[in-house]
Amino acid sequence: MAVDAARSEEGFTSATATRVMVAACRAVGLDDRGAELIRLGENALFRLASVPVIVRVARAPEWLATARKEVAVSRWLADEGFSAARIVEDLEQPLLIDGHPVTFWHLIVEGDRKASYGELGAVLRDLHSLKVPAGLELPSFDPFDKQQLRLDRAVIPEDDKAFLRNRWYELRDKYAELRFETPKGPVHGDAHVQNLMVDDHGQVVLIDFEAFCFDHPEWDLMVTATEHHSLGWQTDQQYADFVDAYGRDLYDWHGYETLRGLQEFGMTTWLMQNVQEDERTAAEYRRRIAGLRNDDAPRDWKPW
């Protein structure tokens with residue numbers, strides 16, 4: 001049953017997502033008993049106890065096209081033999097349950113280590129070298145596509161909303177002046193190391209195709225460059241491993257500062273959506289908005 005988009009978005013909590021997950025599982029004949037919420041962010045992710053499947057619940061009806069794209073990208077990467085998350089092929093998807101797109105993915109059984117930054121650089125290098133087939137329609141990268149919805153529906157002080165809207169307009173002006181020199185190709189769109197998993201066979205697996213697009217590779221490189229140069233989340237050696245594996249350091253590019261601003265803005269508004277979930281999330285949001293208000297201040301943001 002479709003519902004008003006704003007209402008489904010504003011009511012997106014762990015409890016709401018759980019109800020949608022249960023309904024989706026019952027619609028396709030999967031057992032939802034014992035399912036565990038493992039992440040609440042742009043989507044809610046549930047691990048089923050009965051079968052090795054991850055159920056992904058999106059926030060609102062506007063994300064239906066994105067869910068369809070994720071399914072198509074997973075199928076394409078499978079055809080390419082590229083190590084990436086796989087949808088459950090024998091289920092009809094995506095489903096739309098109470099205004100929330102739902103998809104089903106094979107569980108990746110994690111091994112005993114996390115992916116390295118060198119591996120992230122290598123995966124992105126290989127991904128960017130692929131040729132997108134004619135039948136796969138991918139959007140351009142749009143760093144502003146979700147910001148309006150996020151700001152309209154955010155449960156934050158009005159002063160914060162006013163500041164973020166002004167920053168949004170400033171970033172749009174800077175983005176309009178940005179000039180790329182690289183050819184377009186497949187871009188992950190959210191290429192941080194947490195979107196890599198290492199399975200129990202030691203295979204590095206790319207996950208999360210929500211922002212996947214056809215655009216310039218700089219959009220993928222900006223994530224780790226910002227995390228290192230602005231936030232200090234990697235050691236110098238970790239970042240050097242990333243640069244060596246990929247073959248380029250975005251920090252040397254004239255457009256880095258603009259992309260840094262876009263990345264930090266997106267990281268803040270992403271977290272902003274869940275400030276009502278718990279005090280830990282709200283506290284980190286306050287830390288990030290304070291950082292945005294002072295561009296020259298050190299960033300003490302925490303990875304999320």
Side-chain angles (χ1 to χ4, degrees), residues 17 21 24 35-48 51-59 63 66-89 91 93-94 101-130 132 136 138-139 141 146 185-215 217 219-224 227 233 242 245-246 263 266-267 270-271 303-304:
M21 178 275 297
E36 177 188 1
L37 176 64
I38 58 176
R39 185 168 178 81
L40 180 68
E42 200 71 69
N43 303 271
L45 301 182
F46 294 87
R47 179 169 51 222
L48 299 186
V51 287
V53 168
I54 296 292
V55 183
R56 186 180 178 100
V57 179
R59 285 182 169 265
W63 275 256
T66 297
R68 288 172 175 153
K69 176 189 68 177
E70 291 176 278
V71 170
V73 167
S74 175
R75 288 173 174 153
W76 167 54
L77 292 178
D79 290 342
E80 290 284 345
F82 196 93
S83 181
R86 302 286 188 248
I87 61 164
V88 179
E89 283 286 0
L91 298 180
Q93 53 178 312
V102 181
T103 50
F104 303 86
W105 301 80
H106 288 289
L107 174 70
I108 300 167
V109 180
E110 290 189 82
D112 56 4
R113 71 176 182 88
K114 300 297 184 182
S116 70
Y117 286 94
E119 288 170 325
L120 176 61
V123 167
L124 293 179
R125 179 197 63 214
D126 293 344
L127 177 67
H128 295 165
S129 70
L130 294 178
V132 176
L136 179 59
L138 295 174
F141 187 86
K146 297 171 185 173
V187 166
H188 182 271
D190 191 20
H192 52 76
V193 75
Q194 288 79 18
N195 275 335
L196 289 182
M197 297 177 68
V198 181
D199 68 18
D200 55 350
H201 298 294
Q203 182 74 36
V204 178
V205 183
L206 182 66
I207 65 172
D208 190 358
F209 310 134
E210 181 179 308
F212 209 95
C213 59
F214 185 81
D215 217 301
W219 294 117
D220 278 346
L221 301 183
M222 75 172 180
V223 180
T224 303
E227 289 180 352
W233 286 0
F242 173 79
Y246 187 84
Q263 177 68 14
M267 292 171 71
W270 171 80
L271 193 69
W304 212 257

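- Side-chain atoms of Arg56 never come within 3.5 Å of backbone atoms of Pro101 as a donor-acceptor pair (strictly under, hydrogens ignored).
- Using a 4.5 Å cut-off on side-chain heavy atoms (C-beta onward), Ile207 and Asn195 make contact.
- No side-chain heavy atom of Thr224 sits less than 4.5 Å from a side-chain heavy atom of Val193.
- Annotation: side-chain contact (heavy atoms from CB on, under 4.5 Å) contacts of Val51 (sequence neighbours excluded): Leu30, Leu48, Val53.
- Legend: residues meeting side-chain contact (heavy atoms from CB on, under 4.5 Å) with Pro139, ordered by chain and number and at least two apart, are Lys69, Cys213.
- Nearest heavy atom pair, residue Leu127 against residue Asp220, reads CD2-OD2, 4.4 Å.
- Listed by first and then second residue, the salt bridge (charged side-chain N to carboxylate O under 4.0 Å, His left out) pairs that reach into residues 103-113 are Glu110-Lys114, Arg113-Glu119, sequence neighbours excluded.
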Please determine whether side-chain contact (heavy atoms from CB on, under 4.5 Å) holds for the pair Leu77 and Arg86, giving the CA-CA distance in whole Å, both sets of side-chain angles, and the decisive distance to 0.1 Å. CA-CA 9 Å; Leu77 292 178; Arg86 302 286 188 248; 4.2 Å; yes

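- In this structure, Glu80 and Asp126 have side chains that are not in contact, with every pair of non-hydrogen atoms separated by 4.5 Å or more.
- A donor-acceptor contact closer than 3.5 angstrom links the side chains of His192 and Gln194.
- When atom types are taken as modelled, the side chain of Thr66 and the backbone of Glu210 share no donor-acceptor pair closer than 3.5 angstrom.
- Between the side chain of Arg125 and the backbone N or O of Ala245, at least one donor-acceptor pair lies under 3.5 Å.
- Closest approach of Phe46 and Val57 over heavy atoms only: CE1-CG2, 4.1 Å.
- Trp304 and Arg39 make their closest contact through O-NH2, 3.5 Å (heavy atoms, listed as atom of the first residue, atom of the second, distance).
- Closest non-hydrogen pair, Phe141 versus Gly189, comes out as CE1-O, 3.5 Å.
- Taking 4.5 Å as the limit, every side-chain heavy atom of Leu196 sits out of range of all side-chain heavy atoms of Val205.
- Note on ring orientation: taking the six-membered ring where Trp is involved, the planes of Phe209 and Phe212 are perpendicular (angle over 60°, cut-offs 30° and 60°).
- Residues Val73 and Leu138 approach most closely at CG2-CD2, 3.8 Å, considering heavy atoms.
- Using a distance-only test at 3.5 Å, with no hydrogens or angles considered, no donor-acceptor pair links the side chain of His188 to the main chain of His128.
- Without hydrogens or angle criteria, Ser74 side chain to Ala85 main chain gives a donor-acceptor distance under 3.5 Å.
- Residue Trp76 comes nearest to Pro186 through the heavy atom pair CH2-CB, 4.0 Å, listed as atom of the first residue, atom of the second, then distance.
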